[in-house]
Amino acid sequence: QQNQDKKALDVLNQGLAKNPGNQQILISIGNTCMQQNNWECAIDYFEKCRASGINNPKILKTLNTLYFYAKRDKEAQSLSDSLIAMGEDDATFYFSLGKAMNYLDRFAEASDYYRKGFEKPNDQLSDEEKLIAYAGYARALMRLDRKDEVLRIIQVDAVKNIKTSERVKMLEGGIYMELKQYEDAIAIFEFLSESDPDNPSYTLSLTQAYNAAGKYDKSEAELLERLKNDPENTRYLMQLGIVYDALKNFPKAEDSLLRVIKKEAGNALALNNLAYMYMENGKNLSKAMDMAKKAASLDPDNGAFLDTLGWGYYHKKNYSEARKYIELALKNSDDQDKGVIYEHYGDVLARLGLKKDAANAYKSAIELGEDTVRIQPKIDSMERK
C-alpha cells in the first residue's frame, strides 16, 4: 500500500521459502507482479497454484486473462475453452477478457467480449463493477469509431442496468469529452454540480470540461467559489494551477501548485506539473529537475512524468538522456497523452541530427491531434535537403 513493491516481494518470498506451496502467498506474489504489469512473473505464480492441484475458477480466470496480456494466445484460448466447458463463462469472465483486449489494442475482440458479458446475467455484480465494464465497452467502441452505438449503450442500456444514475451521467459526460462535444459534457456536469455542489468529482469534471472548451474564466470562477468553503482542497488547487497556466498567469499558477506541495510534499502530480511549468517558462531549471526526478521516483511508470524529466534534460542540452526518458515515456503512455510526447521526441531527435526520425515523430504528433500549424514547419525543416 506504500508502493514499496520490491520490499513487499522480498517479504512474500521469505514467507514462501518457509511455507512452500502456500496458496495465499503464491496468489499475493502473483497479484503484486500484476500490479507491476509483469505478466510472466504473475503467470509463473498462478501456474504454481494450479500445479499444486488448486482448480479454483477465480484463479483459472485470472491465469486465463494473464495469458492474453502476455500474448500467449494459444494457452489463453485453451484455458478459455476449458472454463466455458466448466460453465464458468459468467459476465465477469468476459469482462476480464474485454479489458485484456483493450490493453492489447484489439478493440474488435474487446467489444465482442463485453457484448457477450452483458448478454449474461449480471444482477449479482455491483454498480461499480457494471460501470467499469460499460466504460471498457465504450472505450472499445470508441476506438472502432462506433460512436452512435457508444451513446446508445450508455444512455439506454446502462441507465436501465445501473441504479445510481449519477454515476452513469458521469460516464456519459466523460464520453462526450472524448468525442470533443464539450458543450454536451458541460451540460451534464453543470447539472450534476448544481444537484450536489459539495461533490468534488462533479466540480473537477465540470472545470475540466470548461478548460477543454476554452472557458477558463468559468473554470476559475467555479474553483474560487468552491475554495471559499474549502481553501486547502488540493484537488481544486491543482486544477486552478492548470487554469492559470492556460491563462499564461504563471505567478498564480505557481502559487496554486506550491500550496499543494506545501500541504502534500509527496504529491507527484503537483511536483510534475510545476516542474513542467518552470521548464516552459524558462525558470528555476535546477529546481524543476529536482521536482521532476522526485515525481518520477514516486511513480516510475507514469509516461507524463518521464516525459517531463526528459524535457528537463532537453533544456539542459543533455540530449542523450532526454531521448532515453522520452522513449520510456512513449512506452508508458496512452494515445491521448502521446501527441505532445512525440513532439518533444522530434525536438530531441532533431538536436541529435536524426532528421528523418525527427520528421516521423512530428508526423505522429500531428496524427495524435497536436497543432499542425505549429508542427508542420518543423517537419519541413527536417525534410529540406
Side-chain angles (χ1 to χ4, degrees), residues 1-80 82-83 86 88-104 124-126 128-129 132-133 135-136 264-269 271-272 293-306 309 324-325 328-329 331-334:
Q1 290 178 349
Q2 296 176 356
N3 292 319
Q4 297 185 53
D5 289 345
K6 186 177 183 301
K7 286 186 179 180
L9 281 171
D10 287 345
V11 173
L12 288 167
N13 277 306
Q14 289 173 36
L16 191 61
K18 295 183 178 182
N19 304 274
N22 182 282
Q23 178 185 354
Q24 186 176 353
I25 297 176
L26 288 168
I27 292 171
S28 294
I29 296 175
N31 286 333
T32 304
C33 293
M34 284 175 63
Q35 290 167 8
Q36 298 173 328
N37 290 355
N38 189 340
W39 312 126
E40 292 296 341
C41 169
I43 286 170
D44 182 41
Y45 285 96
F46 280 102
E47 281 183 339
K48 286 176 181 176
C49 279
R50 190 184 187 190
S52 66
I54 300 164
N55 280 311
N56 184 314
K58 187 175 180 181
I59 291 172
L60 295 178
K61 288 177 185 178
T62 301
L63 182 57
N64 183 47
T65 306
L66 284 167
Y67 281 142
F68 274 120
Y69 278 125
K71 299 182 180 180
R72 292 164 60 169
D73 283 20
K74 287 184 179 179
E75 290 159 291
Q77 194 58 59
S78 175
L79 187 49
S80 290
S82 297
L83 285 163
M86 293 164 58
E88 293 293 341
D89 57 333
D90 57 8
T92 57
F93 168 76
Y94 288 111
F95 292 159
S96 65
L97 296 183
K99 182 180 178 181
M101 293 302 106
N102 271 341
Y103 175 83
L104 295 168
Q124 78 282 6
L125 299 181
S126 67
E128 183 65 26
E129 289 171 316
I132 292 170
E264 299 175 0
N267 189 314
L269 183 59
L271 289 164
N272 174 78
K293 288 175 182 176
K294 185 174 180 180
S297 69
L298 290 166
D299 191 354
D301 296 323
N302 188 305
F305 297 175
L306 292 166
L309 186 53
K324 180 177 80 173
Y325 282 103
L328 282 172
K331 291 178 182 177
N332 287 276
S333 299
D334 294 328

- Message: Working to the nearest 0.5 angstrom, can you tell me the gap between I25 CD1 and N19 CG?
- Response: 4.5 Å
- When you measure from the side chain of N272 to the backbone N and O of A268, does any donor-acceptor pair fall under 3.5 Å? no
- Message: Has N38 got a side-chain atom pairing as donor or acceptor with C41's backbone, closer than 3.5 angstrom?
- Response: yes
- Item | R50 with E75: basic N within carboxylate O range, under 4.0 Å | no
- Query: Hey, what do you get for CG (L66) to CE (M34), rounding to the nearest 0.5 Å?
  - Reply: 5.0 Å
- Query: What are the two closest non-hydrogen atoms of C49 and I27, and how far apart are they?
  - Reply: SG-CG1, 3.8 Å
- Query: Would you call the rings of W39 and Y103 parallel, tilted or perpendicular, where under 30° means parallel and over 60° means perpendicular?
  - Reply: perpendicular
- Heavy-atom closest pair (L97 atom, S80 atom, distance to 0.1 Å) is CD1-OG, 4.2 Å
- Using modelled atom types only, decide if a donor and an acceptor are shared between the side chain of K99 and the backbone of I132 within a distance under 3.5 Å. no
- Calculate, to the nearest 0.5 Å, the distance between atoms CG and OG belonging to D73 and S78 respectively. 12.0 Å
- Message: I'd like to check L298 versus L271 (side-chain heavy atoms, cut-off strictly below 4.5 Å). Are they in contact?
- Response: yes
- Message: So if I apply the side-chain hydrogen bond (donor to acceptor under 3.5 Å, both in side chains) rule between Y67 and each of K74, Q77, E47, which one comes out positive?
- Response: E47
- Task: Supply the atom-to-atom distance K331 NZ to D301 CG, rounded to the nearest 0.5 angstrom.
- Result: 12.0 Å
- Message: The criterion is side chain to side chain contact (heavy atoms under 4.5 Å, CB included); which residues satisfy it with K61, sequence neighbours excluded?
- Response: L83, E88, D90, T92, F93
- Taking C-beta and beyond as the side chain, do K48 and I29 meet within less than 4.5 Å on heavy atoms? no
- Run the numbers on Q36 and L9 for side chain to side chain contact (heavy atoms under 4.5 Å, CB included), then give the verdict. CA-CA 11 Å; Q36 298 173 328; L9 281 171; 4.0 Å; yes
- Considering only heavy atoms from C-beta outward, does the side chain of E40 approach that of R72 to under 4.5 Å? yes
- Query: Can you find a pair of side-chain heavy atoms, one from L60 and one from F46, that are under 4.5 Å apart?
  - Reply: no
- Taking every non-hydrogen atom, the tightest pair across A91 and L125: CB-CD1, 4.2 Å
- Gap between atom CG of L26 and atom CD1 of I59 - 0.5 Å precision: 9.0 Å
- Note on the structure: A304 and S333 have their tightest heavy-atom pair at N-OG, 4.3 Å
- Task: State, with a plain yes or no, whether a side-chain heavy atom of Y69 is found less than 4.5 Å away from one of T65.
- Result: yes
- Item | Over all atoms of both residues, closest heavy-atom pair of A296 and L309 | CB-CD2, 4.2 Å
- Item | Inter-residue atom distance Y325.OH - K293.NZ, 0.5 Å rounding | 8.0 Å
- Item | Distance-only side-chain donor-acceptor flag, D299 / N302, under 3.5 Å | yes
- Near Q24 CD, under 6.0 Å, is it more than 12 heavy atoms from other residues, nucleotides or ligands? no
